[in-house]
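Notes to accompany the following structure.
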Protein chains: 2
Amino acid sequence: MAKPVAARGTGRERVIEAALELYSAHGVSGTSLQMIAAALGVTKAAVYYQFHAKEDIVVAVLEPAFDEMETFIAHAEVARGRRAQLEAALAGLVDIAVSRQRLAALIGGDPAMSVVVRSHERFRHLVDRLDRVLVGPEPTAAQRMAVSMLGGGLLMTGADARLADLDEETRRTEMLRILRAVLLPPLG
Amino acid sequence: MAKPVAARGTGRERVIEAALELYSAHGVSGTSLQMIAAALGVTKAAVYYQFHAKEDIVVAVLEPAFDEMETFIAHAEVARGRRAQLEAALAGLVDIAVSRQRLAALIGGDPAMSVVVRSHERFRHLVDRLDRVLVGPEPTAAQRMAVSMLGGGLLMTGADARLADLDEETRRTEMLRILRAVLLPPLG
DNA sequence: GTCTATAGATAGATAGAC
DNA sequence: GTCTATCTATCTATAGAC
């Protein structure tokens, strides 16, 4: 008898979802275990049963996005030619920006979230790999600026409340259009 | 005898500078009054003499940037034609992005900072005016996406540690080049 | 698996001495 | 203007009952 998929993740996943929502509104440092517990209608001790420390929750919130990142980075790394590599990486980033809006904004902006990313070997390593596939070897100052600015903008814009009326397809299309307009032509 | 300029601001300004530095590293919520006091080599009570609440410090940190914003927004609003308005607003934003890198990143990304911006009438009003001058009346979905993405990217990229080796002139030039490439042509 | 109870530290904030 | 001292509330985290 195999373990039912829903049985293992339920408790943890409810915590992760509540945490992400609260992080978006108050920041990681501004969110206490008390708040997470209250959002779930349980006590702090119940949350501590699933995660033995506050940082463990932050890591668990980040994990699925970095799993996804690892997949598209691996694809981009084996693509033939700089342009194909960049296209693959951009498509992957846009996917995350639209499918994980709130998390993307936190990774890009919340200093407390950045601390956790930098302090975990795996996350930091993936960020480095992403960076390499985005800027390539020997990038010019202009290319580096463009990648930094558009990458940052991509992470932030998904969570922009002013764009709440736009459907996912419009967002995705426009993001790619802007990225291509700035990043692809000069690289030929 | 006029009051010496250094006498009024010294205490407050030292707190503001220390706070901004700590906010950048740990986020607003992750920065305690204890940490600010320790950075200045004084006690919490000494900080409370200058600011009677934690939020007052956040407001004081934001104030100079919004003063600057008010000036360039006023100029942009009276410019002749949509294109000139947009150009004026973009130039002003770039100025803030390069001259107040850390604060710009916090405004764009730290949820705790956003809460303070939204809860203060003056700040919220200026953000609304900026938005109007950036997107204009009856913007298309594409224009709104572009403004959101590039505006967010602009705020984030100033504080990007990977670009620390680029001089201010290079940053400014490249920012404007990217902004113009995406925002100006389609508007004629 | 979720609870009560509680520890120990630190948070923001105030009163009053100097 | 900066200090000591202190208050209350809340924080993360643990131990152990149910």
Side-chain angles (χ1 to χ4, degrees), chain A residues 1 3-62 106 110-113 115-116 119-120, chain B residues 1 3-62 106 110-113 115-116 119-120:
Chain A
M1 241 189 347
K3 207 189 295 179
V5 278
R8 189 214 104 224
T10 304
R12 285 178 66 92
E13 282 169 12
R14 286 186 67 210
V15 171
I16 289 171
E17 202 189 305
L20 178 54
E21 178 118 0
L22 289 164
Y23 290 166
S24 286
H26 311 284
V28 170
S29 292
T31 302
S32 67
L33 293 172
Q34 192 86 261
M35 292 164 76
I36 295 173
L40 294 171
V42 301
T43 62
K44 275 191 293 182
V47 177
Y48 267 106
Y49 174 76
Q50 306 283 359
F51 298 94
H52 300 289
K54 190 184 181 182
E55 185 171 321
D56 293 352
I57 304 179
V58 180
V59 171
V61 165
L62 286 168
L106 286 170
D110 190 327
M113 191 64 96
V115 167
V116 175
S119 69
H120 285 260
Chain B
M1 244 193 341
K3 207 189 295 178
V5 277
R8 189 213 103 225
T10 303
R12 284 179 67 93
E13 282 169 12
R14 286 186 67 211
V15 171
I16 289 172
E17 202 188 305
L20 177 54
E21 178 118 359
L22 289 164
Y23 290 166
S24 286
H26 312 285
V28 171
S29 291
T31 301
S32 67
L33 295 172
Q34 192 85 260
M35 292 163 75
I36 295 173
L40 294 172
V42 300
T43 62
K44 275 193 291 182
V47 177
Y48 266 106
Y49 174 76
Q50 305 284 0
F51 298 95
H52 300 288
K54 190 185 182 182
E55 185 171 321
D56 293 351
I57 303 179
V58 180
V59 171
V61 165
L62 285 168
L106 286 170
D110 190 327
M113 191 64 95
V115 167
V116 175
S119 69
H120 281 68

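Numbered from 1 within each chain, the chains take letters A, B, ... in sequence-line order. Computed from a prediction, not measured in an experiment: that's the story for all the values here.
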Measure NZ/B/Lys54 against P/D/dT10 and give the value in whole Å, please. 15 Å
side-chain contact (heavy atoms from CB on, under 4.5 Å) with B/Ala112: which residues, sequence neighbours excluded? B/Val28, B/Ser29, B/Asp110
Considering non-hydrogen atoms only, spot the tightest contact between A/Val115 and B/Ala25 and give its length. CG2-O, 3.8 Å
Tell me the interatomic distance from A/Ile57, atom CD1, to D/dA13, atom C1', rounded to whole angstroms. 12 Å
Which pairs, protein N/O on one side and nucleotides 2-5 of chain D N/O on the other, fall under 3.5 Å?
unit_1	atom_1	unit_2	atom_2	d
D/dC3	OP2	B/Thr43	N	3.3
D/dC3	OP2	B/Thr43	OG1	3.2

Taking only the side-chain nitrogens and oxygens of A/Gln34, find out if one of them lies under 4.0 Å from OP1 or OP2 of D/dC11. yes
With heavy-atom distances below 4.5 Å as the criterion, would you say the side chains of A/Val59 and A/Phe51 are in contact? no
Between CD of B/Glu13 and CD of B/Gln50, what distance do you get to the nearest 0.5 Å? 10.5 Å
Within this structure, what is the CD1-to-P distance between B/Ile36 and C/dG12, rounded to whole angstrom? 8 Å
Interatomic distance, A/Phe51 CZ vs C/dG1 P [rounded to whole Å]: 14 Å
Which residue is it: A/Leu106, A/Leu62, A/Val15? I am looking for the one with a side-chain contact (heavy atoms from CB on, under 4.5 Å) to A/Leu20. A/Leu106
Length of the line joining A/His52:NE2 and D/dA15:P, which is rounded to integer Å: 12 Å
Can you measure A/Glu55 atom CD to D/dT12 atom C1' for me and round it to whole angstrom units? 13 Å
Report the residues that fulfil salt bridge (Lys or Arg N to Asp or Glu O under 4.0 Å) with B/Glu17, sequence neighbours left out, ordered by chain and then residue number. none
A/Ser119: side-chain contact (heavy atoms from CB on, under 4.5 Å) partners, not counting sequence neighbours: A/Glu55
Stem ranges of DNA chain D by first residue number, counting only runs of at least 3 Watson-Crick or G-U pairs under 3.5 Å, come to C:1-18 with D:1-18
A/Lys44 to A/Ala37 - nearest heavy-atom pair and separation: N-CB, 3.6 Å
Stretch residues 17-33 of chain A: residues that reach within less than 4.0 Å of DNA chain C through a heavy atom: none
What is the minimum heavy-atom distance between B/Met113 and B/Tyr23, and which atoms define it? CE-CD1, 4.3 Å
Quick one: pull up CD1 in B/Ile36 and OH in B/Tyr48 and give me the separation to the nearest 0.5 Å. 9.5 Å
Counting only N and O atoms by type, is there a donor-acceptor contact under 3.5 Å from the side chain of A/His26 to the main-chain atoms of A/Leu22? no
